[in-house]
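Worksheet for the structure shown next.
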Amino acid sequence: MSKAPPVFGLIDCNSFYASCERVFRPDLAKVPIVVLSNNDGCVIARSYDAKPYVKMGEPYFQIKHKLKQHGIVLFSSNYALYGDMSERVMTLIESMVPADEVYSIDEAFVGLTGINDVDGLGRKIRSQLLLCTGIPVGVGIAHTKTLAKLANHTAKRLQAQTGGVVNICDPIKRDWVLRNTDVAEVWGVGRRMKLHLDGMGIKTAMDLAKADAWTLRKNFSVVIEKTARELAGTACLELDEPDLPKQEICCSRMFGKRLTELAPIKEAVATYVMRASEKLRGQNSLCKKIRVSIRTGMFNPDEAKYANGVLIEMPYPTDDVRLLTEAAVGAVERVFRPGFKYSKAEVMLVSLCQTGEYTDDLFASSQPVETTRVMAVLDEINGRWGRGMLRAASVPRNPDWGMRREMMSQSYTTRLDQLWTVNCR
DNA sequence: TCTGGGGTCCTAGGACCC
DNA sequence: TCTGGGGTCCTAGGACCC
């Protein structure tokens with residue numbers, strides 16, 4: 001007897017950041033909302049009713065007038081809020097399904113193999129999430145992850161007809177969706193691949209499902225081959241194991257203003273190292289190499305462009321913020337060139353290994369110093385009193401190069417001094 | 001004046017080895 | 001005039017994702 005095919009679900013929050021803001025602003029239930037990226041740079045989320053007016057990624061300064069004209073309410077990114085809301089959503093999902101994989105801040109794949117009434121469970125998840133967190137979601141169900149993505153896409157596109165839950169395990173429904181979806185909408189098909197596929201006459205998801213998988217592999221890569229096979233119903237991708245440590249950790253930010261001097265760039269890099277090393281210790285990893293890079297603005301044609309980075313090898317794998325900061329700040333001097341207007345720095349921790357997975361080199365000239373307890377105390381104090389309470393002297397408290405976010409909502413759920421208040425009449 | 005941030009996976013090519 | 005073949009490991013860069 002052949003084994004029953006697996007069943008996957010994809011749960012995706014609708015306009016997640018905008019929905020988070022709306023939860024705490026019921027007065028905006030019928031008002032279009034847009035959320036901006038860091039530094040209030042460009043559009044990264046739009047409520048359903050704002051989508052007709054604003055495109056994803058549009059620079060804020062170019063569309064100010066348009067936003068005002070349509071009465072669209074703006075928010076700066078509030079990641080403390082979105083991260084906390086995400087945790088609530090994911091915790092609830094986890095409690096309702098046999099297996100799950102948190103795929104991004106607003107999406108989770110779930111394993112539904114062996115469940116009798118998957119549609120019923122999909123609707124239940126949807127109503128529970130709305131009731132308990134206030135966040136609306138779409139649910140897609142299918143025999144592969146790529147098809148579940150597609151089902152979810154359809155659930156959102158045809159919200160009114162589908163009630164936000166679409167199951168395409170049935171081949172007739174699956175084929176209807178495949179025929180009626182542009183290949184560019186398929187998970188794994190980006191701008192480049194879309195152009196290639198266009199040239200081969202592959203226009204719809206159905207065309208890709210029917211394309212010869214070996215030809216795709218030969219011409220492009222195994223990635224698109226898997227995508228095609230998944231569309232045709234053969235599962236090539238599994239649910240990922242929970243809580244796998246990241247293989248690289250990155251902290252990069254645009255500065256709130258252009259920087260021309262070395263000193264503030266060093267401050268920024270020290271700040272980013274602080275954040276990156278918190279993440280590193282959070283997943284019990286050590287880092288062997290650290291990459292530091294800086295660059296000027298890339299868009300303005302009148303601005304001189306420069307970008308450079310260096311990779312530094314640490315004497316031994318470490319999670320000590322002091323060693324990493326010293327190495328990174330020293331590296332800034334090596335890449336800094338006077339005369340440019342810098343807009344961004346990036347700190348990347350690479351060649352990570354897990355604590356305890358690596359063996360000291362007895363003959364190395366520089367031997368590890370035991371700092372686990374110092375770092376644990378540091379993290380505990382900062383965990384209790386807020387990030388940056390205890391920090392390297394090179395990290396300023398309120399730098400003038402810091403992030404611009406002029407329209408940020410309160411951190412309703414993560415700060416006692418910013419709790420939601422309700423006026424009772 | 002002003003255009004985000006944080007990841008993953010795959011591949012090609014170089015270095016090195018026998 | 002003539003200059004192998006096969007393998008591993010590492011890294012940079014491309015493409016894609018949300």
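Note: hydrogens, waters and symmetry copies are ignored here, and every other heavy atom, side chains too, is used. Below, read A as the first sequence line, B as the second, and so on, with proteins coming before strands; counting in each chain starts at 1.
Put simply, A:R253 has no side-chain N or O that comes within less than 4.0 Å of OP1 or OP2 on B:dG5. Under 4.0 angstrom from either OP1 or OP2 of B:dG7 there lies at least one side-chain N or O belonging to A:K279. Residue A:N300 places at least one side-chain N or O closer than 4.0 Å to OP1 or OP2 of B:dC2. Taking side-chain N and O atoms only, A:R275 has no distance below 4.0 Å to OP1 or OP2 of B:dG5. Not one side-chain nitrogen or oxygen of A:K64 sits closer than 4.0 Å to the OP1 or OP2 atom of B:dC2. Between A:R405 and B:dG4 there is no side-chain polar atom (N or O) within less than 4.0 angstrom of OP1 or OP2. Under 4.0 angstrom from either OP1 or OP2 of C:dC18 there lies at least one side-chain N or O belonging to A:K149. For B:dG6, the OP1/OP2 oxygens have a side-chain nitrogen or oxygen of A:S252 closer than 4.0 Å. Dashed line: the shortest gap from a side-chain N or O of A:R217 to OP1 or OP2 of B:dC10 is not under 4.0 Å. Taking 4.0 angstrom as the limit, A:K226 places none of its side-chain polar atoms (N or O) nearer than this to OP1 or OP2 of B:dC9.
Counting only heavy atoms from C-beta on, A:R192 has its side chain closest to C:dC16 among B:dG4, C:dC18, C:dC16. When distances run from any side-chain atom of A:S37 to the nucleotides B:dC2, B:dG7, B:dG4, the shortest one goes to B:dG4. Comparing B:dC9, C:dC18, C:dC16 against the side chain of A:Q247 picks out B:dC9 as the nearest. The nucleotide whose nearest atom lies closest to any side-chain atom of A:M254 is, among B:dC10, C:dA12, B:dG4, B:dG4. Ranking B:dG7, C:dC17, B:dC2 by closeness to the A:F61 side chain, first place goes to B:dC2. Candidate nucleotides B:dC10, B:dG4, B:dT8 were compared by shortest atom distance to the side chain of A:E248, and B:dT8 ranks first. Checking B:dG4, C:dC18, B:dC10 against the side-chain heavy atoms of A:S221 singles out B:dC10 as nearest.
When rounded to the nearest whole Å, the span between CD of A:E303 and P of B:dC2 equals 6 Å. Summarising the geometry, the separation between OH on A:Y82 and C1' on B:dG5 is reported as 14 Å, rounded to the nearest angstrom. The interatomic distance linking A:H196 (NE2) with C:dG14 (C1') rounds to 12 Å, in whole Å. To the nearest angstrom, C1' of B:dT3 lies 16 Å from CZ of A:F255. Look at CD on A:E346: it is 13 Å from P on C:dA12, rounded to the nearest Å. Taking atom CE of A:M403 as the reference point, atom C1' of B:dG6 lies 13 Å away to the nearest angstrom. Atom-to-atom, CZ of A:R291 to C1' of C:dA12 comes out at 9 Å; the value is rounded to the nearest Å. The nearest whole Å value for the distance from the CD1 atom in A:I224 to the P atom in B:dT11 is 12 Å.
Counting non-hydrogen atoms of neighbouring residues, nucleotides and ligands closer than 6.0 angstrom, the NZ atom of A:K279 exceeds 12 such neighbours. For A:K194, the NZ atom counts as densely surrounded, since its 6.0 Å shell holds more than 12 non-hydrogen atoms of other residues, nucleotides or ligands. By the neighbour-count criterion of 12 heavy atoms within 6.0 Å, atom NE2 of A:H70 is densely surrounded, having more than that number from other residues, nucleotides or ligands.
Pairing for B:dC18 is with C:dG5, a Watson-Crick or G-U wobble pair whose two hydrogen-bonding atom distances lie under 3.5 Å.
Counting non-hydrogen atoms under 4.0 angstrom, A:K257 reaches nothing in the nucleic acid. Nucleic acid contact class of A:Q62 (heavy atoms, under 4.0 Å, all strands): base. Counting non-hydrogen atoms under 4.0 angstrom, A:Y103 reaches the backbone sugars and phosphates but no base. Among the atoms of the strands shown, only primed sugar atoms or phosphate atoms (P, OP1, OP2) are found under 4.0 Å from some heavy atom of A:V186. Using a 4.0 Å heavy-atom cutoff across all strands shown, A:I105 reaches no nucleic acid atom at all. Counting non-hydrogen atoms under 4.0 angstrom, A:M298 reaches nothing in the nucleic acid. The residue A:D106 sits close only to the backbone: its heavy atoms come under 4.0 Å of sugar-phosphate atoms, none of a base.
Side-chain atoms of A:N152 never come within 3.5 Å of backbone atoms of A:A148 as a donor-acceptor pair (strictly under, hydrogens ignored).
Mapping A:F299 and A:P245 onto DNA chain B by nearest heavy atom places A:F299 at the nucleotide closer to the 5' end. Nearest-nucleotide mapping onto DNA chain B: of A:G297 and A:C250, the residue sitting toward the 5' end is A:G297.
For the side-chain contact (heavy atoms from CB on, under 4.5 Å) with A:V43, the qualifying choice from A:L36, A:L74, A:V35 is A:L36, the only one to do so.
A salt bridge links A:E303 with A:R258: at least one charged nitrogen is closer than 4.0 Å to a carboxylate oxygen.
Taking the ring axis of A:F255 as reference, the NZ or CZ atom of A:K344 does not stay both within 45° of it and closer than 6.0 Å to the ring centre. A cation-pi geometry, defined here as NZ or CZ lying under 6.0 Å from the six-membered ring centre and within 45° of its normal, does not hold between A:R415 and A:W420.
Taking atom P on both C:dC18 and B:dT3, the two are 25 Å apart, rounded to the nearest angstrom.
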